[in-house]
Visitor: 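So that we are looking at the same thing, I have put the structure below in structure tokens.
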Amino acid sequence: MSDAATLPGAAPAARISLAAPLGVRNFRTLWLGQSISLVGDEFKFVALSWLVLSLTGRPGALGSVLMLLAIPRAMLMLAGGVASDRLRPRTVMLFSDASRALVVGAIGVLTLTEHIAMPHLYVLALLFGIVQAFFFPAAAAFTPELVERTLLPTANAVNQMTNQIVLIGAPVLAGFAIAAVGSAGGFFVDAVSFLISAAFLLLIKPGPRPDRPVAQNAWRDLVEGFTVVRRDPVLLAMIAMASVFSFGYAGATYVGLPVLVKGPLGAGPRELGVLFAASGLGALIGGLIGGTMRVRRRGLVGVTLIGAVGALLAAVSLAQTVWQGAVLLFGSGALLAWIGITYITMIQHRAERAYMGRVMGMLMFGIYGLYPFSYGLAGWISQAGGVRLLFILGGGLILASAMLGVSVRELRALD
């Protein structure tokens, strides 16, 4: 690995061990609970996919279930941010864990007793998406309460790298387990994982609650959060950039890669797995770098890295072999992880504690709220203009996100 001093803006003496935040009891407790929950989520996803396809034999039905889960999750992120600020993040996370355990447990019972039908899955997916929407902003707002400011980038890196490791290993374990005991077992594993996560949350002793203005209704709280972001050019720019970036990246990656593999590259599922694994491996490396190395001029460096991701994604359109695509996706995955750690840390540092949940809710809404539209548009572009055009346009949107950042002087100057 190159010395930090060889990178523009790097601070060579400012490395922090990835183990440092795990030495903080509260953060370690949160990390353990969330890691177990992440593993459970993969069991749920594999079990749900297999169950829907077994009941219907139609991929479209699986898409409908996932859409019913994703839409309320995206649309209610803002409400989750408001609830986090009003009730405290840990309270909201406990509510979400307990509610999701009930929903997933209900699917497991119906599956085990052979009473499950698609209408049940549609309703339960909708309920799951609603309660999950409250979890993400609360979790993002909770971490800054548990570690010192200097450890926050490393704590975010630990969370992100754990997520990548789970995504690589847990689906394989889930597949073998569900093949042995059935889909109901996968749902029960996830339900228990939520209960374990809630138990770990109860062991955490958060610090004093930050001062907040006189209580008002939730709508005014939300408007107040928008006002705080609108008046801060850095927060406004970073949330807008995240929205544009995600819109370009999501559709090109999750819709475009399967189409590219099956079509122009003439390959199969194994090769598709190689491409996703390359991106995931790159994210692990990028997380390691972003979590242990501090750079000066973070705003300018971050914008530069975003531009590089756009160029790499657009270059995927030129790939003639799976391995060429894998190299490009490894690079974009590494930079994407580094950017994610850098930017979420800057937002957490920038936002006042009393508004942290609402700011995180807006960020999550900007990222996830546009996913369904990105997927739909990506499918249409792939069909009408070809999948290689999709990667060019996706990369172009990410470059536009970088240009937006360059245009904001306060962000460029952020150290």
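Here, residue 1 is the first one in the sequence, and each next residue gets the next number.
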Visitor: Can you check whether Asp221 reaches Asp85 side chain to side chain, under 4.5 Å on heavy atoms?
Guide: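 Heavy-atom side-chain distance check fails, nothing below 4.5 Å.
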Visitor: With rounding to the nearest 0.5 Å, note down the distance linking CG in Leu48 to CG in Asp41.
Guide: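 Taking CG in Leu48 and CG in Asp41, the distance rounds to 11.5 Å.
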Visitor: Quick check on side-chain contact (heavy atoms from CB on, under 4.5 Å): which of Phe134, Phe365, Phe135 does Met77 satisfy it with?
Guide: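 Testing Met77 for a side-chain contact (heavy atoms from CB on, under 4.5 Å) against Phe134, Phe365, Phe135 leaves exactly one candidate, Phe365.
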Visitor: How long is the straight-line distance from CD1 of Ile347 back to CG of Leu363, given to the nearest 0.5 Å?
Guide: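 CD1 of Ile347 is found 4.5 Å from CG of Leu363.
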Visitor: Spell out, as yes or no, whether a donor-acceptor pair under 3.5 Å connects the side chain of Thr56 to the backbone of Val52.
Guide: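 Checking the backbone N and O of Val52 against the side chain of Thr56, a donor-acceptor pair under 3.5 Å is found.
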Visitor: Please indicate whether Arg409 has more than 12 foreign heavy atoms, meaning atoms of other residues, nucleotides or ligands, lying under 6.0 Å from its CZ.
Guide: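 Result for CZ/Arg409: open.
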Visitor: Could you check Val109 against Phe188 for side-chain contact (heavy atoms from CB on, under 4.5 Å), going step by step and ending with a plain yes or no?
Guide: CA-CA 8 Å; Val109 170; Phe188 288 137; 4.1 Å; yes
Visitor: If every non-hydrogen atom of Leu313 is compared with every non-hydrogen atom of Gly395, which pair is closest and at what distance?
Guide: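 The answer is CD2-N, 3.9 Å.
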Visitor: Using the side-chain contact (heavy atoms from CB on, under 4.5 Å) rule, take Leu201 and Phe142 through it: C-alpha gap first, then chi angles, then the decisive distance, then the call.
Guide: CA-CA 11 Å; Leu201 285 170; Phe142 197 31; 4.1 Å; yes
Visitor: Indicate the atoms forming the closest heavy-atom contact of Ala155 with Val147, along with that distance.
Guide: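 Looks like CB-CG2, 4.2 Å.
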Visitor: Just by distance, do the side chain of His120 and the backbone of Ile107 share a donor-acceptor pair under 3.5 Å?
Guide: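 Checked: no pair found.
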Visitor: Of all heavy-atom pairs between Ala240 and Leu404, which one has the smallest distance, and what is that distance?
Guide: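 Nearest heavy atoms, Ala240 then Leu404: CB-CD2, 3.8 Å.
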Visitor: Do Glu148 and Val24 have side chains that approach each other closer than 4.5 Å (heavy atoms only, starting at C-beta)?
Guide: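 A side-chain contact is absent here, since even the closest heavy-atom pair is not under 4.5 Å.
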Visitor: I need the minimum non-hydrogen distance between Val131 and Ser96, along with the two atoms involved.
Guide: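 Answer, listing the atom of Val131 first, then Ser96: O-OG, 2.9 Å.
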Visitor: Going from NE2 on His115 to CG on Leu110, what distance comes out if it is rounded to the nearest 0.5 angstrom?
Guide: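 Answer for the NE2-CG pair, His115 versus Leu110, is 8.5 Å.
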Visitor: Hey, is the main chain of Ser193 close enough, under 3.5 Å, to the side chain of Ser197 for a donor-acceptor pair?
Guide: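 No; zero donor-acceptor contacts below 3.5 Å.
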Visitor: Any side-chain heavy atom of Val359 sitting closer than 4.5 Å to one from Glu352?
Guide: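 No - every pair of side-chain heavy atoms lies 4.5 Å or more apart.
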Visitor: Within a reach of under 6.0 Å around CE of Met75, are more than 12 heavy atoms found that belong to other residues, nucleotides or ligands?
Guide: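 Count over threshold, so yes.
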Visitor: When Ser332 is tested against each of Leu312, Ile398, Val316 for side-chain contact (heavy atoms from CB on, under 4.5 Å), which residue passes?
Guide: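 The side-chain contact (heavy atoms from CB on, under 4.5 Å) with Ser332 is passed solely by Leu312 among Leu312, Ile398, Val316.
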Visitor: Would Lys44 and Arg100 count as a side-chain contact (heavy atoms from CB on, under 4.5 Å) here? Give the steps.
Guide: CA-CA 11 Å; Lys44 185 251 335 262; Arg100 288 182 291 173; over 6 Å; no
Visitor: Quick one: does any side-chain atom of Asp190 pair with a main-chain N or O of Phe43 as donor and acceptor, under 3.5 Å?
Guide: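 Checked: no pair found.
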Visitor: For the CG atom of Leu305 and the CD1 atom of Ile339, what is their distance to the nearest 0.5 Å?
Guide: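 Going from CG on Leu305 over to CD1 on Ile339, the span is 5.0 Å.
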Visitor: Using a 4.5 Å cut-off on heavy atoms from C-beta on, say whether the side chain of Leu69 contacts that of Gln132.
Guide: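 Yes; the side chains approach each other to less than 4.5 Å.
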Visitor: With side-chain contact (heavy atoms from CB on, under 4.5 Å) as the test, pick out the partner of Phe245 among Leu336, Ile367, Leu397.
Guide: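 Running side-chain contact (heavy atoms from CB on, under 4.5 Å) over Leu336, Ile367, Leu397 with Phe245 returns exactly one hit, Leu336.
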Visitor: Give me the ring orientation class for Phe128 and Phe194: parallel if the planes are under 30° apart, tilted from 30 to 60°, perpendicular past 60°.
Guide: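 If you compare the ring of Phe128 with that of Phe194, the planes turn out tilted.
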Visitor: Is there a side-chain contact between Pro144 and Met356 in this structure, where contact means two heavy atoms from C-beta onward sitting under 4.5 Å apart?
Guide: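 Yes; the side chains approach each other to less than 4.5 Å.
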Visitor: In terms of side-chain geometry, is the basic nitrogen of Glu145 or Arg90 positioned less than 4.0 Å from the acidic oxygen of its partner?
Guide: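 Looking at Arg90 together with Glu145, the answer is no, because their closest N to O distance does not fall below 4.0 Å.
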Visitor: Does some side-chain heavy atom of Asn159 sit less than 4.5 Å from a side-chain heavy atom of Gln34?
Guide: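 Heavy-atom side-chain distance check fails, nothing below 4.5 Å.
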Visitor: Would you say Ser84's side chain and Gly80's backbone share a donor-acceptor pair under 3.5 angstrom?
Guide: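 No; judged by distance alone, with no hydrogens or angles, the pair does not exist.
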Visitor: Quick one: does Arg412's side chain have a donor or acceptor within less than 3.5 Å of a partner on Leu300's backbone?
Guide: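 Here the side-chain-to-backbone pair does not exist.
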Visitor: Would the distance check show the side chain of Ser401 and the main-chain N or O of Met241 forming a donor-acceptor pair, the cut-off being under 3.5 Å?
Guide: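 Indeed, once roles are kept as given, a pair shorter than 3.5 Å links the two residues.
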Visitor: Between atom OG1 of Thr253 and atom CG of Leu260, what is the distance when rounded to the nearest 0.5 Å?
Guide: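 The distance works out to 11.0 Å.
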Visitor: Could you tell me whether the side chain of Leu30 reaches within less than 4.5 Å of the side chain of Phe200, counting heavy atoms only?
Guide: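 Result no, sub-4.5 Å side-chain heavy-atom pair not found.
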Visitor: Taking the side chain as every heavy atom from C-beta outward, state whether Leu236 and Phe226 have any pair of such atoms under 4.5 Å apart.
Guide: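 No, side chains not in contact.
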Visitor: Is the backbone N or O of Ala140 less than 3.5 Å from a side-chain atom of Gln348, with the two atoms forming a donor-acceptor pair by type?
Guide: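 Checked: pair present.
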Visitor: Quick one: does Ser243's side chain have a donor or acceptor within less than 3.5 Å of a partner on Ile239's backbone?
Guide: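 Answer holds: yes.
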Visitor: Do you know which two heavy atoms are closest between Ala198 and Asp97, and how far apart they sit?
Guide: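 Nearest heavy atoms, Ala198 then Asp97: N-OD2, 3.6 Å.
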Visitor: Knowing that exactly one of Arg230, Arg358, Arg231 qualifies, which makes a salt bridge (Lys or Arg N to Asp or Glu O under 4.0 Å) with Glu224?
Guide: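 Passing option: Arg358.
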Visitor: What heavy-atom pair brings Ser317 and Ile392 nearest, and what distance separates the two atoms?
Guide: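 So the minimum-distance heavy-atom pair works out to OG-CG1, 3.5 Å.
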Visitor: side-chain contact (heavy atoms from CB on, under 4.5 Å), that's the test. Do Trp380 and Leu377 meet it? Break it down for me.
Guide: CA-CA 5 Å; Trp380 180 82; Leu377 183 60; 4.3 Å; yes
Visitor: What is the distance from atom CG of Leu126 to atom CD1 of Ile130, rounded to the nearest 0.5 Å?
Guide: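 If we round to the nearest 0.5 Å, Leu126:CG and Ile130:CD1 are 4.5 Å apart.
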Visitor: Return yes if some donor-acceptor pair links the side-chain N/O of Arg388 with the main-chain N/O of Ala319 below 3.5 Å, else return no.
Guide: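 It does hold such a pair.
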Visitor: Within a radius of less than 6.0 Å around CD of Gln383, do more than 12 heavy atoms belonging to other residues, nucleotides or ligands occur?
Guide: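 At most 12 heavy atoms, drawn from other residues, nucleotides or ligands, come within 6.0 Å of this atom.
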